[in-house]
Amino acid sequence: MKYTEKDLGNKIDYDDDSGSYYDERIVEVYCGICSARFIGPIRQAGGFIAGHEAFHAWEFKIAMNAEDGMVA
């Protein structure tokens, strides 16, 4: 389902492969590094933030290794 700013604050119930979720609030979050945004259930918003954090940490590690001459 596609969520927009109009949905922010609404609560929904939904099922996925992991289980059933009740009263999940629709939120908007963004990545502080690349400014990508996500609007959706709070549980999925956490995954969005964690995924970006992990990706950017990897990206920075690769950049640091390239700058210090070490081979990964």
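Positions are given from 1, in the same order as the sequence printed here. Quick caveat: nothing in here was measured; it's all calculated off a predicted structure.
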Requested in this report: Quick one: list whatever passes ring pair (Phe, Tyr, Trp, His ring centres under 6.0 Å) with Phe48, sequence neighbours left out.
Outcome: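 If we apply the ring pair (Phe, Tyr, Trp, His ring centres under 6.0 Å) test to Phe48, skipping adjacent residues, the hits are Phe38, His52.
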
Query raised in the report: With sequence neighbours left out, what residues match Phe55 under ring pair (Phe, Tyr, Trp, His ring centres under 6.0 Å)?
Result: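 Trp58.
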
Query raised in the report: With the 4.5 Å side-chain cut-off for hydrophobic clustering, are Tyr14 and Ile39 part of the same group?
Result: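 Yes, Tyr14 and Ile39 fall within the same hydrophobic cluster.
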
With [X], which residues qualify under side chain to side chain donor-acceptor pair (under 3.5 Å), at least two apart?
| X | result |
| --- | --- |
| Glu53 | none |
| Asp16 | none |
| Arg43 | Tyr21 |

Report task. Please round to the nearest 0.5 Å and tell me the distance separating atom CG of Leu8 and atom OH of Tyr3. Result ->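 If we round to the nearest 0.5 Å, Leu8:CG and Tyr3:OH are 11.5 Å apart.
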
**Report entry** Minimum-distance pair of heavy atoms, taken over all atoms of Ile42 and Glu24
**Finding:**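 For Ile42 and Glu24, the tightest heavy-atom pair comes out as CG2-OE1, 3.4 Å.
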
Going by heavy atoms in the side chains, are [X] and [Y] under 4.5 Å from each other?
| X | Y | result |
| --- | --- | --- |
| Arg25 | Asn10 | no |
| Ile26 | Pro41 | yes |
| Ser20 | Asp13 | no |

Query raised in the report: Sequence neighbours excluded, which residues qualify as salt bridge (Lys or Arg N to Asp or Glu O under 4.0 Å) partners of Glu28?
Result: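 Counting only residues at least two positions away or on another chain, Glu28 forms a salt bridge (Lys or Arg N to Asp or Glu O under 4.0 Å) with Arg37.
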
